[in-house]
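Because only heavy atoms are used, hydrogens play no part in the values below, and waters and symmetry mates are left out as well, while side chains stay in. Just follow the structure's listing: the first ligand is 1, and inside any ligand the first atom is 1.
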Amino acid sequence: MRQAKTQSTAECEPFAFLRASTSSSNSILQSAKRVAASPFDVRWWLRPTVVILLCAGLCPGLGRSPDNNRRSPEGHRPSAHQTAQPRQATQGGVPSVAKVEPPSWWAHHSINPVRLLVRGENLTGARVRVTNPAIQTSEVFVNSKGTYLFVNVRISPTARPGSYPLTLVTPLGSTTIPFTIAAPLAADTHFRGITNDDVIYLIMPDRFADGDQSNNAPPGSPAAANDRKNPRAYHGGDLRGIINHLPYLKDLGVTALWLTPWYDNWNGVNNCDKPWCPNTYYHGYHAIDYYAVEDHFGDLATLRELIEKAHALGLKIIQDQVANHVGSRHPWVKDPPLDNWFHGTLAQHPLNKFRNSVLLSPHGNQDEVRNTLDGWFSDDLPDMNQEEPDVARYEIQNSLWWIGATGPDGIRQDTIQYMPRTFIRDLSDALHREYPKMWMVGEVFERDAAQTAFFIGGHKGWDGVDTRLDSDFDFALWNASLLAFTSKAPMRGLRDQLKYDALYPDPLKITAFANNHDTMRFMSLDGATLEGAMMHIAFILSVRGVPQLYYGEEIAMEGKEDPDNRRDFPGGFPGDTRNAFTPEGRRPKEQKMFEWTRAWLSLRAEHSALRRGRLIDLFYDDDAYVFARRNKSETVIVAFNREAKEKKVTVPARAIGLRDGAELSTLIGTAGGARVTDGSATLTLPGNSAAMFLVR
Ligand SMILES: [Ca+2]
Ligand SMILES: [Ca+2]
Ligand SMILES: [Ca+2]
C-alpha cells in the first residue's frame, strides 16, 4: 500500500525539488512554483538564493553540524517506517557491512549529497562518522531490523578522487563503510546521447558471441543453467564477444549498440512442470544486484573496455536499465530496506493486469491505475515503489552511477509505463542535468500511437506531467510495417499509421524499430519473404525517427516467439560450423540481406535528408507507398512496391519544390531514374522492392 508522504529535511536538497510537485505537504514549494517564471526550469530551483530561502523556511536542521548522529536515527523518516524501530541496539552483535550502494560518487555532481544504502547486520542504533572534511554525513536512518542504513554523504567540491571510508558505530562495535570519490570520465567522449544521426543495433549479450569461455559457468551455476541446447539457458555470449565483433558492427554501419541488461542476475536454474522450465535469467531482466555486472558476461573492467573500444570506433553504447522491478532472488525480497520498498511482498502482491491504457485515459479508475503501476510484471518480478522517495532516489542515483562510472551514451528504460510518470520525469531531469546530451528511450509496448505519444517528452499529458523522456519505441509503426510487408494489410496502411505523427511533439524523436527481442523475427512471420524483409528494413531505415535493428536481422535470421527469436548468432560460439560474421560464412540469402542492409545504412549516413528531413507523402495505394524526405540541403524519394511486377507511379513534383526538368537519379533499388515534366515525375519501381532517388 502507498504511504502518505510527510515532510522531511531531505526535501531541502536540490535533488528533491524535482519531485516537489508531487508532494502534497510541500505547500511552500508549491506556492513558490506558482510564482516562478519557469517552474519546470531546474536551473531556477537550483539558484543558490532559492535554495537558501526555501530551506530557511523548511529545513530547520540546515546549517547544523553535519554529523546529525545526535538525532534519533529514525528522526526524518515517515512514520510508516518507524513502527518497529527499536529504541536501543541491545540485540545482535557487532555491526558488519556487506554492501554499499552506490560504492562511489563524484565531486561537482548535480546530485549532492548522494544517499548511500548500506546493507549489513546489527546496524540498529548506528551513527556514521567521518574524519575527512571533504565529506559530510547527515540524515542517517536504520531500518527496523537493523539490516539497512541510509546516510547522506555531501561531497566537497574540492574533494579529490580517492578512498573516503565512513565509520559506522553502534553501542556494540564499529565497522567501515567503504566509499570512493571517483575521477569523472571525459564528457566529450562519453554520455554523448543518441540523435537522428544514429542507428541502434540491439544485442542480447548471451546470444551474440562467446569471447571468453572462462566465464561460461560462474560460481553458483549448475550445468543445466549453461546449456546451449536449452533456449532458456545461458549460452555463453559475453562482453568480450561483443568487443571482438565491434569491427563487424562498424563495417555494417550501425552507430549505437543497445545491450540487454548487464546487471548481475541469479546464476541458478528455475525448475517447474511448465513448458518454460527449466529456465534462467540469461536475458538480464531479473537483477539481483543493481551495482554489479553479470558474471556470465564479464566484469566492470571488461564493460569499461567494451565502451572505450566502441567509442574509439565511433560506436555509442546504450544501457538497458530496469527501474520498474528486480528479480525475485534479489536480497531485498527477503529483507527489504523499508517496509514499502516494493509494492507488496513475494507472498502477497498484486499482479499487473496490463490494462495499460488506463493511464492514458483521463477516466481511468484508481483501482486499475494502481494495478498498472503497482502490479508485479510477474510473480517473479517484485515491483519497486517509486512513490517512496528513498526508492526513487536510489533508482535515480543508480541510473546516474552507471552512466558516470562506465560512460554509455544512452539508456533504454524497460517497461516504463508501469512506473509513475512523475518518476520518469524526475529521472529524465536528473539525467539531463548531469549529462546534458544524455538520451533515454522508454519501452511503451503498445500498438496505439496515442499511448506512445502520451509517454514521450516535450508535452504535458492530461495529468499535467511532461515525462521529458527523449524517445520511446514506435510499436505502432513497427506493427504497420510488418502487416504491410507480409501482405496482411494494404501498403497505404503505412501512411495511415504515420498520419498519427500529429500526436507527437517531434516525430523525428521516435525510435523506429525493425524488431526486438520480444517480437517474432520478420522471417518467421506468416507471409514473410526475403523481399518483404528487405522492404521492411529499408522502410525502418528511411522513415522518420531514430532507427533500431535487432541483431541477426541483417542476415535475415529466423525465430518465432521468445525465446526462439533469441537464437545464437551463427559463428559467435565455439563449435559453430559456419561464421556468418564473414561473407564466406553466409548463405546466399543471408549475404543478400547483409549487403542490402549495409547499403541502406550507408545511404542513411550519406544523406542528411534521410536522417532529419521532413517526411512528405507522395503516393499510396494498396501496393505502393512513396514518400519524400526533405531538408534544406537535399530531397530524397523513397518508394516501396509490393506488387510482384514492375509498377509505374506518378508523384507530384511541385509538392516537393521540383521544377520541370529536375532529375531524379537512382540511389538504390532500380536502374531507372526519372525527370520532372508537367509538374510530376513517373517512377518505375521494380516488383517486390524498395528504391530510393536523389533529386538534383
Ligand atoms: Ca562466455
Ligand atoms: Ca550472475
Ligand atoms: Ca511498477
_Could you measure the distance from the CG atom of Asn270 to the OG1 atom of Thr280? Nearest 0.5 Å is fine._
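Separation between the atoms: 8.0 Å.
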*Under the 6.0 Å and 45° cation-pi test, does Arg240 pair with Phe208?*
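Not satisfied by the 6.0 Å and 45° rule.
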_Is Gly236 close enough to the Ca ion (ligand 1) that one of its N, O or S atoms comes in under 3.0 Å?_
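Under 3.0 Å: Gly236 contacts the Ca ion (ligand 1) through an N, O or S atom.
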*N/O/S from Ser214 sitting under 3.0 Å away from the Ca ion (ligand 1)*: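 It does not: Ser214 brings no N, O or S atom closer than 3.0 Å to the Ca ion (ligand 1).
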Ignoring hydrogens and geometry, is there a side-chain-to-backbone donor-acceptor pair from [X] to [Y] under 3.5 Å?
X      : Y      : value
Glu434 : Ser110 : yes
Asp472 : Gly442 : no
Asp206 : His235 : yes
Asn385 : Asn340 : yes

*Answer yes or no: is there an ion pair linking Asp518 with Arg566, defined by an N-O contact shorter than 4.0 Å?*
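Salt bridge between Asp518 and Arg566, a charged N being under 4.0 Å from a carboxylate O: yes.
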_At less than 3.0 Å, would any N/O/S atom of Met384, backbone or side chain, sit next to the Ca ion (ligand 3)?_
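No, outside the cut-off.
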_Is Leu373 close enough to the Ca ion (ligand 3) that one of its N, O or S atoms comes in under 3.0 Å?_
yes
_Among the N, O or S atoms of Asp238, which one sits nearest to the Ca ion (ligand 1)?_
OD2
*Find, among atoms of Asp212 that are N, O or S, the one nearest to the Ca ion (ligand 1), and state its name.*
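Atom name returned: O.
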_Pair listing, salt bridge (charged side-chain N to carboxylate O under 4.0 Å, His left out) test, anchored in residues 276-297, at least two apart_ = Lys99-Asp289
*Could you tell me the angle subtended at the Ca ion (ligand 3) by OD2 of Asp383 and OD1 of Asn324, rounded to 10°?*
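About 120° at the Ca ion (ligand 3).
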*For the residue pair Trp401 and Tyr291, does the interplanar ring angle fall in the parallel (under 30°), tilted (30 to 60°) or perpendicular (over 60°) class?*
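Ring orientation of Trp401 relative to Tyr291: perpendicular.
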*Partner of Tyr394 by side-chain hydrogen bond (donor to acceptor under 3.5 Å, both in side chains), out of Glu388, Glu101, Arg115*: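 Option passing the side-chain hydrogen bond (donor to acceptor under 3.5 Å, both in side chains) with Tyr394: Glu101.
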*Which value, rounded to 10°, describes the OD1(Asn215)-the Ca ion (ligand 1)-OD1(Asp210) angle?*
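Computed angle, vertex at the Ca ion (ligand 1), rounded to 10 degrees: 150°.
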*Listing residue and atom name, which protein N/O/S atoms are closer to the Ca ion (ligand 2) than 3.0 Å?*
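Protein N, O or S atoms closer than 3.0 Å to the Ca ion (ligand 2): Asp264 OD1, Asn265 O, Asn267 OD1, Glu294 OE1, Glu294 OE2, Asp295 OD1.
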